[in-house]
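I have placed the structure first, in the form of structure tokens, so that the comments after it can refer back to it.
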Amino acid sequence: MNYFEVFGLERKLGIDAAALQRRFYELSRQSHPDFHQAAPAEEQARILDASARLNAAYRALRDPIARVEYLVRLEEGRETKEGDTVKPKAPPELLAEMFEIQEALQEARAGGLDEAARETLSAQRERLVARREAEEARITGELSAAWDAAAERAKALASFKAALATRAYLRTVIDDLTEVLEATDVAHHRH
Amino acid sequence: MAYSEKVVDHYNNPRNVGSFTKDTPGVGTGLVGAPECGDVMKLQIKVNLETGVIEDAKFKTFGCGSAIASSSLATEWLKGKTVDEAAKIKNTDIVNELKLPPVKIHCSVLAEDAIKAALADYKEKHA
């Protein structure tokens, strides 16, 4: 039983968060191990499994991005992030850009930041955050809607993978930028 | 999760870190990324144009210890190989050598992708 089926849902991304939560609470009560203490051991084990699966299903589906990540894995028959056979190709410009920022960060880590460099990196970070947010909005918005419309699912799946990859690159470089800005900030105030 | 000794060694003493100027004759550049974690890896080869042997290799990887170790090991293996021999390096060879756990296999895949990309770039430039 996949996580959509746990909630009696179709394999679609447009999920009403409030309705999902209500259903989660209902099902939680039914499968809560505390209410089945008198049941035979076999039955208790089954209920424990169901309860664990329900929690995992809710975690995977309540967040719209995690939901898409789960859907991609499900469609490809994978349990984890590993084993992705068809790699989404990141746009070469994006990789070059990420690499360039990482090189600048490496220099900043080694040599510290002056005020101008700090401002440049801060501005860059803001632009990257805006891009990540735009990418997330595209994933949960138009791409998810396209999937639900069931027009060209293979194409939709490929778009999800490319967009999730772009988001991963942006997230990593944003985290690294944040780390460098914070670390050098501390150093700065020590003077 | 504990890293194997070999991963730690490559991480602490990475071999062949650096870069060649892209348009130097004989140089092939591969720039690849891992969508699972956002790591980026640049791997370059410098081929002797007369013998077809890879004389030098360099890398620069921004990522986890396994990604760094995988690319560091890859540059070591590349040196002295012909372009055709280099194409035979497989990610599974890297996994075995570094004893990478299943969750880090994508790091070795990344290194193999980088080798392929560098070779393809070299061939394209020197066809």
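Each chain gets a letter, A, B and so on, in the order the sequences are listed, and its residues count up from 1.
Put simply, the side chain of Phe62(B) reaches to within 4.5 Å of the side chain of Glu103(A), judged on heavy atoms.
Tyr169(A) places a side-chain N or O within 3.5 Å of a backbone atom of Ala34(B) that can act as its donor or acceptor partner.
With a 4.5 angstrom heavy-atom cutoff, Gln106(A) touches chain B only via side-chain atoms.
Val8(B) and Leu73(B) fall within a single hydrophobic cluster, where Ile, Leu, Val, Met, Phe, Trp and Tyr are joined by side-chain heavy atoms under 4.5 Å apart, directly or via other members. In this structure, Tyr3(A) is a member of the same hydrophobic cluster as Phe24(A), with clusters built from ILVMFWY side-chain heavy atoms closer than 4.5 Å. When hydrophobic clusters are built by joining Ile, Leu, Val, Met, Phe, Trp and Tyr residues whose side-chain heavy atoms come closer than 4.5 Å, directly or via intermediates, Tyr70(A) is grouped together with Leu54(A). Under the 4.5 Å side-chain heavy-atom criterion for ILVMFWY residues, a single connected hydrophobic cluster contains both Tyr3(B) and Ile105(B). Residues Leu13(A) and Leu74(A) are members of one and the same hydrophobic cluster, defined by side-chain heavy-atom contacts under 4.5 angstrom among Ile, Leu, Val, Met, Phe, Trp and Tyr.
Going from atom CE of Met98(A) over to atom CG of Asp39(B) covers 13.0 Å, rounded to the nearest 0.5 Å. Atoms CZ and CE, from Phe99(A) and Met41(B) in turn, are 10.0 Å apart once rounded to the nearest 0.5 Å.
Dense packing is recorded around CD of Gln44(A), with more than 12 heavy atoms of other residues, nucleotides or ligands lying under 6.0 Å away.
The nearest pair of heavy atoms linking Leu95(A) to Val40(B) is CD2-CG1, 3.6 Å. The two residues Pro35(B) and Ala165(A) make their nearest non-hydrogen contact at CB-CB, 3.4 Å.
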